[in-house]
Every structure is written in C-alpha cells, then in structure tokens.
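Just the heavy atoms: all of them, side chains too, but no hydrogens, waters or symmetry mates, feed the values below. So you know, we letter chains A, B, ... as the sequences are listed, proteins then strands, and number each from 1.
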Amino acid sequence: MAADGAYWLGPAEWQAVRLSIQVSFWATAASLPLGIFTAYALARWDFIGKQLLNGLVHLPLILPPVVTGYLLLLTFGRRGPVGEALEQWFGIVLSFRWTGAAVAAAVMAFPLMVRAIRLAIEAVDPKLEQAASTLGASRMWVFLTVTLPLILPGIIAGAILAFAKAMGEFGATITFVSNIPGQTQTIPSAIYAFLQVPGGQEAAGRLVLIAVAIAMLALVLSEFVARRVAKRVAGA
Amino acid sequence: MAADGAYWLGPAEWQAVRLSIQVSFWATAASLPLGIFTAYALARWDFIGKQLLNGLVHLPLILPPVVTGYLLLLTFGRRGPVGEALEQWFGIVLSFRWTGAAVAAAVMAFPLMVRAIRLAIEAVDPKLEQAASTLGASRMWVFLTVTLPLILPGIIAGAILAFAKAMGEFGATITFVSNIPGQTQTIPSAIYAFLQVPGGQEAAGRLVLIAVAIAMLALVLSEFVARRVAKRVAGA
Amino acid sequence: MTIQIAIENRFEDFTLDVAFKAPAGVTVLFGPSGSGKTSVINAVAGLLRPDAGRIVVDDWVLLDTQTKHNLAPHRRRIGYIFQEGRLFPHLNVRQNLLYGRWFAPRDARRESLSRVVEMLGIGPLLERRPAALSGGEKQRVAIGRALLAGPKLILADEPLAALDEARKAEILPYFERLSEEVSVPILYVSHSSSEVARLASTVVALKAGRVVACGPPAEVLGDVAAVGARGTASILRARVVAHHLDGLSELSTAAGALWLPQMDVTEGQTIRVRIAAQDVILSRARPKGLSALNILRGTIMEIRYGDGPGALVVLAMGEDRLIARITRRSVAEMALEPRQTCYAVIKSVAVAPGDVGRGRFTQTAQ
Amino acid sequence: MTIQIAIENRFEDFTLDVAFKAPAGVTVLFGPSGSGKTSVINAVAGLLRPDAGRIVVDDWVLLDTQTKHNLAPHRRRIGYIFQEGRLFPHLNVRQNLLYGRWFAPRDARRESLSRVVEMLGIGPLLERRPAALSGGEKQRVAIGRALLAGPKLILADEPLAALDEARKAEILPYFERLSEEVSVPILYVSHSSSEVARLASTVVALKAGRVVACGPPAEVLGDVAAVGARGTASILRARVVAHHLDGLSELSTAAGALWLPQMDVTEGQTIRVRIAAQDVILSRARPKGLSALNILRGTIMEIRYGDGPGALVVLAMGEDRLIARITRRSVAEMALEPRQTCYAVIKSVAVAPGDVGRGRFTQTAQ
Amino acid sequence: AAGEVTVFAAASLNNALSAVAEAWTEDTGHIAVLSFAGSSALANQIMQGAPADIFISASVDWMDAVAQAGDLRAGTRQDILGNRLVLIAHGDDASPVTIDATLDLPSMLGDERLAMALVDAVPAGIYGKAALTALGLWDGVAPLVAQSDNVRAALAFVAQNEAPLGIVYATDAAVEENVTIIGTFPADSHPAILYPAAITAHSESPVAAAFLDYLRSDPARAIWQAFGFRVLD
Ligand SMILES: Nc1ncnc2c1ncn2[C@@H]1O[C@H](COP(=O)(O)OP(=O)(O)OP(=O)(O)O)[C@@H](O)[C@H]1O
Ligand SMILES: Nc1ncnc2c1ncn2[C@@H]1O[C@H](COP(=O)(O)OP(=O)(O)OP(=O)(O)O)[C@@H](O)[C@H]1O
Ligand SMILES: [Mg+2]
Ligand SMILES: [Mg+2]
C-alpha cells in the first residue's frame with residue numbers, strides 16, 4: 001500500500017498524513033487528564049472564578065482560530081513569556097515543532113472534550129458515589145472506581161471529538177507554528193497550501209479523502225468501543 | 001453607549017457585531033430541531049447507514065473549514081444543485097446573504113451540538129421511558145414529556161457550544177458567502193481582515209474583546225439556566 | 001374477564017416457562033425472590049418480549065408470537081406499579097400522578113385525584129419532586145400514578161413492600177374495590193401470604209421460573225409445598241349477620257358463629273375470612289371459659305404430616321375447609337383421627353383486618 | 001458500645017428533631033412511612049449533614065456541629081444497606097460484594113465471601129451485573145456488600161423488605177450474630193414488628209420526625225401508642241431445657257414450660273421469645289384437651305382499654321410481663337380483674353421462628 | 001555536505017516556488033524546506049523568532065513590518081517577482097473589455113457581485129481597490145464587492161458563477177478553465193505588485209544567500225515565467 005500510495009500521494013503528503021495522526025493523537029492523549037480534571041471541577045465543585053474558568057475553556061471556540069493561533073504565538077512562541085520560560089527551564093521548544101502543532105490542536109479541541117466529559121459527569125448519580133464513600137472509598141477512590149468507569153463513554157466521546165477536531169485544525173496551527181513540511185505541516189495545512197494555487201484542487205481532494213478516511217476509522221472504532229463500554233455500564 | 005461605541009468601534013464593526021449575533025442565534029436555533037433528531041437517531045435507533053450518518057455529522061469537524069466552505073459553495077451556491085433547487089422552489093438564496101453565513105455556521109457547529117445532545121440522551125434511564133409508555137404515552141409523547149425535559153441540560157450545553165462555535169466561525173463562512181459588510185461580515189471576518197495588515201492588532205483586539213464579552217454573557221446565562229434546569233430534573 | 005398467559009423466555013442462566021389462566025379479580029403471583037414474578041409482569045406490560053408466548057386479556061390479544069402480534073406498551077392500557085417506583089424526576093408529585101391521565105380516554109378517568117391522594121396520604125407532598133420523598137412516599141405516589149391512568153389492567157409488583165402495617169391496611173381495600181366494583185383485573189406480586197389471602201381470586205405460585213400451583217387461594221394456600229408451612233391458611237365463607245355495639249361484627253359460617261373486629265361491610269353480605277393454620281387451636285371437647293370468642297365445630301377430614309414437628313389437620317365445615325397447624329405431639333396426645341368431631345378455637349383478633357376480603361369464590365382455573 | 005444521636009434538621013416542610021441513646025446491640029428504628037428513619041440513618045452515615053447535632057458511637061465522635069467536627073463518610077467505617085440498593089452498575093455481583101474490602105483494614109475482614117454468598121443464596125449470580133438481577137436479588141447483594149466491608153457500625157434500611165419469608169428467616173440470624181458475637185452495633189429500620197422483637201436490643205419509635213418511644217423492645221412493643229394495636233407484643237426470658245426427639249424444644253420460663261419448634265440454641269442458654277399479644281388466649285381455669293401445648297400461669301397486673309373493641313391484659317410472670325390482646329366482650333364475660341390468677345394459652349407454633357432471639361436484656365436507655 | 005534552507009513564502013507562490021526549489025535541489029544537492037502560509041502569519045512568526053532563513057512575502061507592507069522589527073539581514077531584501085491584476089468573467093467565451101474610467105462595472109454586474117480578495121487586508125484586494133479607485137470606479141462598485149480571505153476563494157466564486165466577475169492575479173486566472181480574462185488593469189492604476197524576498201536576521205543557513213540568488217537565475221526565471229510571474233531584475 002505504501003508503494004501504491006507513493007504514486008498517489010507524494011512523500012510530502014504522506015509525511016503530512018503521518019504528522020497529522022501523530023499531532024492529533026498526542027493533542028488528544030496529553031490533554032485528556034487535564035480535560036477530565038477540568039470537566040470534574042466544572043461539574044462538581046463550586047469555587048470562585050468558576051465562570052471564568054468556564055469561559056477560558058470555551059475561548060478557543062469563540063475566537064477565530066487565527067486569533068487563538070496569534071495569541072499562542074505571542075505566549076508560547078520562542079520570544080513569548082511562557083515559551084521562553086519553557087525553553088530555559090525545561091528545554092521544551094514548542095514553536096515551529098510538531099509539539100507546538102499538538103498544543104494548538106489541543107487548545108482548539110479542549111472545549112469540545114471538556115463539554116462532553118462534563119455532561120457525562122453530570123449524568124452520574126451522586127447516590128452511587130455516596131454508596132462508595134460509605135464503603136470506605138475516599139474522594140479519589142470514589143472517582144477512580146465509580147465515577148471514572150461510569151463516564152467512560154463520555155470520555156471516549158470527548159476524546160473522539162477532540163481527535164476529529166485536531167485532525168481538522170488549521171487556522172490556529174498555521175498561525176502558531178507555520179506550515180513546515182515534516183515539522184508542522186499537517187493535512188489541513190497541506191490542503192490549504194494546495195488550495196492557494198491554481199490546479200491544486202486535485203491534490204487537495206486526495207488529502208481530504210485521506211483525512212476523512214482516517215477520521216471515519218477512528219469514529220467507527222470509537223463507536224464500537226463506546227457501545228461496549230456503555231453496555232458494560234448499563235450492565236446488560 | 002452607541003454614541004460612545006461609535007468612537008471606539010466604527011459603524012462597520014458595530015454592524016459586524018450585530019450580524020454575528022444574528023447569524024449565531026439563527027444558526028443555533030434553526031439547527032436545534034435537526035440536531036435533536038439526529039442525536040436521538042444516533043443514540044437510540046439502529047439503522048443501515050448509521051455509521052455513515054455519524055461520519056457525515058462529524059465531517060465539518062474533520063475537514064479544514066476552507067474545504068467545508070468550498071463544498072458548501074459547490075452544493076448550496078446559486079449554481080449548486082441544492083442552491084438552485086432552493087432558489088427555484090422556495091425563493092431562498094443563500095449565497096452572499098447572512099442566511100448563507102448562518103448555514104455555514106450551523107454546519108460547522110452541528111457536530112458539537114449533536115454530540116452534546118446525544119450524550120444527554122444516552123444518559124436517560126430507559127426505564128423511565130418505559131414507565132411513561134405503560135402509562136399510555138406513545139413514542140412521540142414519551143419523547144416530548146420524559147426524554148426531552150430530562151435532556152434539557154444537554155440541549156442547552158449543545159446549543160451554547162454551537163452558539164460559541166458560530167460566533168467564532170470564519171473559514172467556512174468567508175469561503176462560502178465571502179465578506180460583505182452588513183451582509184456577511186461577521187466579527188471573525190472583520191478580525192481576520194484587521195490581522196492581515198500590519199498594525200491592525202489593536203482594532204482586532206477590540207473586536208476580540210467584544211466577541212469574548214458576548215460569548216461570556218451567553219455562557220454565564222446558559223450555565224445559570226442549565227443549573228436551574230438540572231436542579232429541576234434532579235428534583236432537589 | 002380472564003387473563004391467559006403463556007410465556008417462554010430464556011435469560012442467560014434462567015428460563016421462564018409459565019402458563020396459566022386466571023379468572024376475573026386479583027391474580028396474585030407468589031414465589032421466592034428470583035422466581036420470575038417481575039418477568040411475567042413485564043411481559044404482560046410489553047416491556048419484555050418473550051421468545052415465545054401468548055397473552056390474552058379477555059378476548060384482547062396483547063401478544064402472540066406465532067402471529068407476530070405484539071401490541072405496543074402504550075396501547076395496552078395498563079397501570080403498572082413498578083417494584084422500584086420509577087417516578088419521573090422532573091415532574092412534581094401532582095404531575096406524576098396525573099401523567100397517565102393525559103393519555104387515558106375520557107371515560108376511563110374514573111378515579112378522582114383527590115380521592116386517591118387521600119387514600120394514599122400524600123396530600124402534603126403534591127408540590128414536591130420525587131427526590132424529596134421518602135422510600136414509602138415514593139411507592140405511594142407510584143401506586144397513585146398507576147391507578148389514575150384509568151387502566152384496563154393493573155400490574156402491581158410488591159406495591160406495599162415499603163409500607164408500614166397501618167398504611168397497608170388503608171391501601172389494600174382500594175385494590176379490592178378496583179377488582180370487584182370496577183372489575184379491573186389485577187396481577188399482583190406479593191410475598192405476604194396475608195395479602196394473598198385477602199386479595200387473591202387466584203394464586204399463581206412460581207418457583208424457579210415455573211408454575212408450581214395455580215388456583216383459588218383456599219386451595220393454593222392449603223398447599224404447604226406451594227406456600228411453605230408458615231403461609232398455610234384456610235379461607236372460610238362467612239355472611240355478615242350484625243354489627244354489635246361493642247365493636248364486634250357477628251358472622252355466620254357453615255360451622256357456627258364468628259366474631260370479628262368491626263368491619264366495613266354491609267350486613268347480609270358474604271365475605272371471606274382467611275385464618276392462618278397456625279392461629280387455630282383444636283380441642284376434642286367444646287372448650288369453656290376461654291378468652292377466645294370463636295369456637296367452630298367441624299369434622300376431621302385428613303391429617304397431613306410434613307418434615308417438621310408440625311401436622312396439618314383439615315376440618316370439614318360444610319363446604320369449607322379449615323386447616324389447623326398443630327404439633328405432632330398434640331396430634332398424638334389428643335389422639336386425633338379422621339372422621340372425629342373436633343372444635344377449632346380461633347381468637348377473634350387473630351384474624352387480621354387484612355385477612356378479611358370480599359373476594360368472590362371462583363372456580364379453579366387452568 | 002453505645003450510640004448517642006442528637007439531630008436537628010429542617011427540610012422544606014418536615015422537621016427532624018431526634019435524640020436518643022442506645023446501648024450495644026441492634027437498635028431498631030420503627031415508625032410509619034415518612035417519619036424520618038432514613039434521614040436519621042443518613043445523618044449517621046454522614047450523607048446528610050444536619051443543621052445541628054452530635055453523633056457518637058462509643059467514644060468516637062462522628063459528628064459534632066458545635067465543634068464543627070464532621071467525619072467524612074469514608075472514614076466512618078460503616079456498612080450501609082440502602083433502602084434502594086444502590087449497586088454499582090458497572091461492576092458484577094462479585095466486584096460489588098468485594099468493593100468495601102479494598103478499603104477495609106486487614107483485621108476488619110472477618111466475613112468470608114463464600115460464607116456471606118451462601119447465606120444470601122447469591123452464588124449463581126456472582127458473575128452477573130446488577131441490571132440482570134431481580135429486585136430481591138439486588139437487595140441481597142446490597143446486604144452482602146455492606147457486611148463484607150468489615151464495618152464498625154451497620155446501618156440497615158429495611159434490608160429485608162423485598163424478600164420472601166423463607167429468605168428473611170435465613171438472613172435474620174446473621175444480623176443477630178453480628179450484633180452479639182462480633183458486637184457490631186446495628187441501626188436497623190424496619191416496619192415489621194416481628195423483626196423488631198427478634199432483633200432489637202432497643203427500639204426507637206419515630207413519628208413525624210420525633211421520638212415517641214425509646215427503650216427495650218419489651219417496653220416499646222407493649223406500648224400501643226408507639227407500635228399500634230397489631231404490633232403489641234411481649235417478650236419472655238426463657239431457658240432452653242432440652243431438645244426433644246419429636247422436633248420440639250422445651251423451654252422454662254418464670255411461669256411454666258414453653259414448647260417451641262426445635263431451635264438452634266444450645267441447651268442451658270437463655271433466649272428471649274416474642275409473643276404477639278394477639279396470639280395469647282386467656283382462661284380463668286387451666287384449660288384441658290387443647291391442641292395448644294403452652295399454658296402459662298400468671299397474675300393479672302393491669303387491664304388497658306384503647307379505642308377499638310380490644311383490651312390489653314398484662315399478666316405478671318415472675319419478672320416478665322405477658323400481654324394478651326383480647327376483646328372487651330371477653331374481658332366482661334370472663335369478669336377479668338387485676339390480681340386474679342389467669343392462664344394464658346399460647347400455641348407453640350404461633351411463636352414464629354423469627355420471634356425467637358438471643359438478644360440480651362438491656363437496661364432502659366435514654 | 002548538503003545544506004538546508006527554510007523558506008517562509010506567501011501561499012500563492014506554492015507550486016511555482018516548489019518547482020524552483022526542486023530544480024535547485026537537482027542542481028546543487030541542497031534542500032529547501034518550504035512553508036507556505038499567508039504573508040501576515042509568516043511575518044508575525046518571523047518576528048516571533050521562527051526558524052526561517054528566507055521570507056518571500058506577497059505584501060510589501062508585511063516585509064516592511066519585519067524589516068522594522070529588525071528581523072531581516074541588512075542588504076538582502078530585494079523584489080524578485082511581479083504580477084498583474086486582471087478582470088475575469090465566468091465561462092470560456094466572455095468578451096474582452098477595456099479597463100479604463102469608462103468601464104461600467106455596476107451594469108455589467110446587474111444585481112450580482114464582484115469577487116475580490118479582502119480589499120483592506122489581502123494584497124490582491126488592496127491592489128484591486130487601489131486600481132479601481134485610481135480609475136474612479138470604486139465608489140460605484142464598492143457596495144457590490146464580495147470579499148474573500150484570499151485570491152483563490154475569489155477565483156472560486158467566479159469559477160462557480162456565484163459572481164460573474166472578479167479581480168485576481170494573472171497567475172491565478174491563467175490556470176482556471178471556467179474563467180476568462182476579459183481585461184488587464186493598467187500597470188499605473190495601482191502600486192506595483194511586488195514579491196519582496198529577504199534573508200532573516202537570525203538565519204544560520206550557509207546556503208540561504210545561494211538560494212536567494214538562485215531565485216533569479218535562468219533556470220528559475222523560466223519556471224517563474226511558466227507560472228505567469230514577471231521576474232524583476
Ligand atoms: N436481563 C436479565 N438477564 C439475565 N437474567 C435476568 C435478567 N432479568 C432477570 N433475570 C433473572 O431472572 C430471574 C427472575 O427475575 P425476576 O425479576 O422475574 O424475579 P422476581 O420473581 O421478580 O424476584 P424478586 O422477588 O426478587 O423481585 C432472576 O433469577 C434474575 O436474576
Ligand atoms: N430532600 C428532601 N427535601 C424535602 N423533604 C425531604 C427530603 N428528604 C426527605 N424529606 C422528607 O422528610 C421526611 C422523612 O423522610 P425519610 O426518608 O427519613 O422517611 P422514612 O422514615 O425513611 O420513610 P420511609 O419508611 O417511607 O422510607 C419525609 O416526609 C420526606 O418527604
Ligand atoms: Mg421482582
Ligand atoms: Mg426510608
């Protein structure tokens with residue numbers, strides 16, 4: 001297939017496909033714990049600044065992606081305050097690396113992930129959590145043994161939404177980390193580049209098909225897993 | 001305030017703000033019934049092509065917005081098959097109108113809305129629906145009197161996600177209906193335009209603040225409503 | 001009004017294979033936990049579609065897997081009181097109660113809200129939501145909701161389990177009235193043999209998914225195998241002769257007068273009285289000077305011995321049978337034998353109010 | 001081991017104001033639906049934080065609103081059997097049962113899984129998920145889950161309501177054993193006066209959020225106001241003399257011999273026997289030729305009249321009291337008066353197995 | 001060893017520059033990594049320290065901005081390419097017009113739209129607006145303009161016949177089959193359309209200068225012209 005594909009897509013495009021998957025996967029996986037935590041905090045705790053946090057989480061949805069990308073560039077860029085600190089203290093460079101693309105994708109996908117997980121948490125019957133606590137489980141254990149398994153379908157839904165969003169993310173990514181083949185050129189950036197010149201539609205169309213195929217695969221897989229999990233949870 | 005604002009934002013920008021709210025509101029409101037229906041079908045029915053429908057719904061998330069916009073143009077444009085039919089049969093023209101912007105925003109926001117509502121539907125205990133049916137309620141009535149009220153928090157969450165997304169939508173909109181002040185120039189288009197010229201950041205920043213303020217307001221409001229609704233549903 | 005049920009269904013490791021026919025009135029499903037009572041009821045409600053089966057109420061076919069006929073639950077016009085309440089959390093008590101009414105035909109709205117509310121003692125709760133109710137309060141609302149739906153058939157799955165005795169005593173007559181006056185057939189799950197005796201026209205005893213006994217309560221309740229030693233009881237027909245001023249009612253049976261605490265039955269009517277086998281004391285001679293008011297004369301028909309230290313002595317009293325559960329030792333000491341005349345001592349107050357029912361005597365079904 | 005509870009809490013239109021002190025053993029909360037039993041238990045579990053109150057088990061302060069001390073539920077080491085099951089839907093029966101064990105200190109794991117499983121009869125269900133269980137099966141798993149958590153205090157909210165008589169008879173002794181041998185205090189909600197008599201060291205009768213009676217069962221059960229006419233009973237101390245071959249056990253009481261169906265108690269031990277007031281027949285002369293084996297002699301201490309046609313006759317038998325509920329008419333006909341000698345006829349089998357308990361006699365609390 | 005140079009270039013140069021870079025690699029063995037995006041995005045990134053060696057902008061203003069920020073290597077900036085602005089119409093048989101002050105665009109459009117790039121933001125739009133203004137046509141046509149975020153989208157509107165007319169670069173119009181160039185804007189009606197290129201201040205690539213030079217070499221020149229660009233001397 002690789003040999004076959006090599007004719008159909010150039011090596012640069014294959015690279016974009018590989019990179020897109022890598023970026024989307026890590027964007028989703030790495031933000032999941034924070035996403036779960038944030039969703040839990042928003043669903044179950046009352047604290048000062050809750051509305052602010054909620055707004056902040058939604059911000060990337062509200063802002064045009066260019067703005068988000070620009071803000072990311074200003075803060076996480078090599079000359080941005082956070083970017084500089086990250087590089088100095090941890091040696092982590094985000095700007096113009098695939099890691100930066102992952103950060104951009106994660107930020108853009110975060111509101112979707114949090115909302116899905118939050119809805120799932122809000123649907124958990126607190127009476128079950130109470131029952132667990134009377135049996136000796138601390139808050140943490142209640143979360144791990146009762147809440148978490150029960151919201152698994154929601155987590156899967158959130159993760160798949162995030163993954164899909166990350167696969168399609170473009171505006172923030174290209175604004176933050178540019179469009180460097182092999183480093184930051186994901187499928188959407190490549191499609192964009194093709195669409196900017198006459199005659200690029202065909203190549204763009206091929207990439208669109210690839211993107212759709214990957215996302216569909218992930219979607220079908222996640223539906224399958226979610227269904228099994230939901231069955232387990234419903235107990236049938 | 002208008003007089004004051006006139007100094008701070010030009011009339012064109014105020015127009016963009018008004019238009020953005022209009023477009024986002026209608027994009028959300030008009031797609032809500034279809035969103036609920038689709039979510040219900042995906043959550044509760046088994047039919048051939050379900051995975052396909054699911055994929056289709058997620059498509060705008062996966063594709064770069066430019067592509068979505070381009071596809072919208074090809075189908076809903078004046079010469080597109082659907083666009084032509086709409087104009088001939090119903091006299092509805094989408095291209096270069098705010099209605100088209102609303103369609104673009106709705107399509108882009110649809111996956112978020114459907115996912116949120118679907119999660120809520122999946123959390124409804126079918127035993128309650130069964131109870132309603134034994135009491136004489138047909139499927140339709142069960143949905144209207146039991147399922148719908150119980151998923152209201154999910155619907156609100158879905159609507160607010162969609163609204164926020166619609167407020168931030170840019171790529172598909174400008175590709176589908178371009179950027180005509182007073183017709184299709186929403187806040188994100190205006191922000192984009194500002195960011196394209198050196199030194200435009202300040203003007204863009206003002207619009208960003210406005211967009212954030214509006215979205216925050218909607219968010220806080222929706223949280224408030226959702227909380228009251230959730231309390232009613234939980235019965236406390 | 002007859003109910004015909006034949007169901008086969010395989011669960012993972014449980015097989016339901018039940019067939020019975022019950023005449024009008026209250027059919028009580030009786031049996032240990034996990035014997036399949038709720039499953040049967042769910043099938044009648046249309047919530048469980050059995051692998052094979054046929055369910056007919058009167059001439060109305062609810063389910064016939066052979067002809068692939070399967071009426072949707074909402075067309076079955078049932079009032080289902082679930083084992084676990086299932087109140088609508090988003091509606092307050094009043095709205096829950098009235099839910100079924102929206103869908104009931106106008107002429108089926110026999111019960112008035114106020115009457116049901118009063119009977120169930122839930123007046124102060126009408127504006128509350130289910131989450132703010134106690135366990136028993138929820139159960140009462142669930143009962144009301146089913147009754148107010150104007151059902152053609154009532155399914156009640158242990159409706160009174162969460163309630164105290166006093167509350168039970170208030171609600172039971174309602175079911176009786178429904179089955180008799182309004183002639184709504186009732187399928188009623190219960191673990192309590194006194195509820196069985198009081199309500200049942202027919203008792204269906206289930207065990208491990210099968211029917212082990214089916215028939216009028218007098219028959220099934222006398223069957224130790226079906227109901228267990230402690231559930232054994234007999235049922236006597238009695239006519240209400242008079243209500244006396246000291247709070248007692250006088251009844252006449254085939255075997256003599258019975259005195260019971262005053263009851264709400266018109267003089268002249270025939271009722272039935274459950275007498276638990278263990279509440280009967282036997283004596284060869286007519287005893288004297290006892291605080292027990294009721295001394296009935298009968299002829300020993302049969303003496304049955306089981307595994308334990310007890311024995312069942314069946315007395316014939318006219319057409320009725322009275323069963324006494326006494327110790328083997330007593331049988332021996334008193335030298336009881338069939339065909340002897342014998343006196344049964346029954347404490348008047350030992351006949352629980354719940355054990356006096358107005359059920360008609362029905363023919364054996366099946 | 002004593003439990004001290006004082007709670008005040010206002011709900012929307014219900015006020016809970018309860019204070020009592022109970023010694024070791026089983027404390028039964030008794031009262032009509034909606035009287036506040038579950039609320040009290042929830043406060044002890046830490047699931048309801050009352051407006052004001054103090055809850056102390058032994059010297060262990062669980063809650064003291066004055067000092068703002070409020071132990072988190074998971075530190076209270078309780079085993080709570082909820083009124084509505086609350087099984088974990090994502091865990092199978094075995095995992096549900098063992099859930100509390102993960103968190104219990106090693107030395108608290110006294111009960112073995114297999115023993116509890118056998119007692120509850122849920123062996124075949126271990127791999128199933130709660131959704132595939134019947135109502136009674138769920139309830140049994142919930143009981144097992146609480147017992148296996150190795151709790152220092154058990155809260156049981158109508159744990160046996162959904163079960164049949166046979167099942168109840170198997171599970172009840174377990175609670176008895178826990179409170180006696182392992183000396184785990186138990187707070188037990190029940191509507192059944194026979195459960196009360198069997199288990200309770202202390203009975204707390206609630207009504208509309210207040211304590212109307214509190215004390216040893218012999219006292220509270222004799223109080224018609226607290227338990228209602230049908231719940232009235234007396235409790236006799238009896239020593240097991242011998243188990244006879246015909247399946248009867250001989251007991252001696254202050255007032256004579258008692259014959260009961262054979263029970264699983266070592267000869268020589270003292271047990272207590274609940275005798276429902278309505279199961280007692282009185283006679284001025286010693287009756288002869290009756291199938292009833294138990295005839296006890298006592299002196300009439302008091303005759304109480306209530307609203308109905310009944311009267312309570314209290315007999316003194318040594319230190320114990322035996323209460324008989326008979327009709328006013330009988331009192332008149334037999335011309336009963338205080339200080340007369342009187343014979344009480346008790347059918348041996350009328351003493352339900354569930355009514356024989358090994359509870360110690362405790363001093364009045366509060 | 002083969003050198004590597006990272007080039008940030010305006011998206012509209014995509015295929016032409018790709019071909020040039022390929023040729024360069026064939027000739028020299030060095031590798032050019034090309035990153036295409038909007039000029040504004042690229043400029044901002046370079047000002048934030050992006051690892052670009054060469055910046056080729058479609059907008060003089062953005063190159064100025066980068067220069068002002070001190071991110072260009074002094075003396076390396078040069079205008080390498082030029083382009084023309086054309087008026088296009090849908091279809092392959094539209095009749096040509098003369099673009100001067102007498103052109104009656106509003107009546108040509110009827111109640112339809114003139115597709116352009118953002119007239120205040122995107123270079124093609126800015127040039128177009130300037131040209132129309134210079135010809136005195138802007139005020140009449142302004143309310144009818146549909147602005148896209150880039151030239152390609154404007155082209156797509158005309159290709160789809162959503163808009164009958166559009167103003168785009170000659171390089172874009174040449175390749176699209178469904179449009180006809182019906183007129184070219186006089187070169188003096190708008191500021192010269194230039195693509196400035198420069199080496200960034202922090203570039204450490206040893207072959208950056210070589211690549212910059214190669215852009216104006218003969219082989220490159222042929223490629224640029226094949227794609228419709230005018231190569232400036
Ligand atoms: N979905 C299911 N999958 C597998 N087994 C089931 C399922 N539902 C019920 N069962 C089993 O079928 C049997 C009968 O269940 P059912 O609920 O009818 O019992 P029941 O007589 O109502 O008992 P109870 O008095 O405890 O409520 C039980 O053993 C139960 O475990
Ligand atoms: N969250 C609440 N809000 C308002 N009232 C409540 C709430 N919870 C309980 N109540 C009321 O408090 C009273 C006591 O409830 P509780 O659950 O303690 O009763 P209970 O004695 O357990 O009754 P049952 O035997 O029916 O379970 C009831 O009248 C109930 O309606
Ligand atoms: Mg059941
Ligand atoms: Mg309760």
Side-chain angles (χ1 to χ4, degrees), chain A residues 42 50-52 54-55 58-68 70-71 109 111-112 115-120 122-124 126 153-154 157-158 160-161 163-165 167-171 175 187-189 191-192 195 201 204-205 207-208 211-212 214-216 218-220 223 226 230 234, chain B residues 42 50-52 54-55 58-68 70-71 109 111-112 115-116 118-120 122-124 126 153-154 157-158 160-161 163-165 167-171 186-189 191-192 195-196 201 204-205 207-208 211-212 214-216 218-220 223 226 230 234:
Chain A
L42 288 174
K50 177 167 166 173
Q51 287 306 324
L52 203 76
N54 194 23
H58 281 82
L59 217 51
L61 210 59
I62 302 156
L63 295 180
V66 201
V67 174
T68 308
Y70 189 61
L71 293 177
L112 316 188
R115 191 52 100 152
I117 300 175
R118 178 175 168 187
L119 270 172
E122 281 168 348
V124 170
I160 203 65
L161 265 182
F163 184 83
K165 173 72 198 167
M167 286 293 292
E169 213 318 284
F170 155 66
T175 311
I187 299 180
S189 320
I191 292 176
Y192 169 80
L195 284 181
Q201 286 101 324
L207 279 176
V208 164
V212 169
I214 294 168
M216 284 292 185
L219 212 60
V220 170
E223 286 289 326
Chain B
L42 288 175
K50 176 168 167 172
Q51 287 306 324
L52 204 76
N54 193 25
H58 280 84
L59 216 51
L61 210 58
I62 301 155
L63 295 179
V66 200
V67 175
T68 308
Y70 192 65
L71 293 177
L112 316 188
R115 192 51 98 153
R118 178 175 169 187
L119 270 172
E122 280 167 349
V124 171
I160 203 64
L161 266 180
F163 184 82
K165 172 73 197 168
M167 285 293 292
E169 215 313 288
F170 159 66
T186 55
I187 299 181
S189 313
I191 292 176
Y192 179 80
L195 281 181
Q196 291 310 302
Q201 287 100 322
L207 279 176
V208 164
V212 169
I214 294 169
M216 284 292 185
L219 212 61
V220 170
E223 286 289 328

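Heavy atoms closer than 4.5 Å to chain A are found in both the backbone and the side chain of B/Leu161. Proximity to chain A is limited to the side chain of B/Gln201, based on heavy atoms less than 4.5 angstrom apart. Heavy-atom distances place both the backbone and the side chain of A/Leu63 under 4.5 Å from chain B. No part of A/Ile214 comes within reach of chain B, as not one of its non-hydrogen atoms sits under 4.5 angstrom from that chain.
When B/Pro188, B/Ala109, B/Gly154, B/Pro111 are compared by the number of non-hydrogen pairs under 4.5 Å with chain A, B/Pro188 comes out ahead. If you tally non-hydrogen atom pairs under 4.5 Å between each of B/Glu223, B/Gln51, B/Lys165 and chain A, the highest count goes to B/Glu223. Ranked by non-hydrogen atom pairs under 4.5 Å with chain A, the options B/Leu59, B/Leu119, B/Leu52 are led by B/Leu119. For the options A/Pro60, A/Ala123, A/Ala157, A/Ala116, heavy-atom pairs under 4.5 Å to chain B are most numerous at A/Ala157.
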Given the rule in the side chain to side chain contact (heavy atoms under 4.5 Å, CB included) test, do B/Leu112 and A/Arg115 qualify, once you have shown the distances and angles that lead to the verdict?
CA-CA 9 Å; B/Leu112 316 188; A/Arg115 191 52 100 152; over 6 Å; no

Using side chain to side chain contact (heavy atoms under 4.5 Å, CB included), reason through B/Val66 and A/Ile191 one step at a time and then give a plain yes or no.
CA-CA 9 Å; B/Val66 200; A/Ile191 292 176; over 6 Å; no

Begin with the C-alpha distance, continue with both residues' side-chain angles, and end with the deciding distance and a verdict on side chain to side chain contact (heavy atoms under 4.5 Å, CB included) for A/Leu195 and B/Val67.
CA-CA 9 Å; A/Leu195 284 181; B/Val67 175; 4.3 Å; yes

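Note that CD1 of B/Ile62 is 6.0 Å distant from CE of A/Met216, once rounded to the nearest 0.5 Å. Residue B/Leu61 holds its CG atom at 11.5 Å from CZ of A/Phe163, rounded to the nearest 0.5 Å. Note: A/Leu219 CG to B/His58 NE2 = 5.0 Å, rounded to the nearest 0.5 Å.
The heavy-atom pair separating B/Gly168 from A/Pro65 by the smallest distance is O-CD, 4.1 Å.
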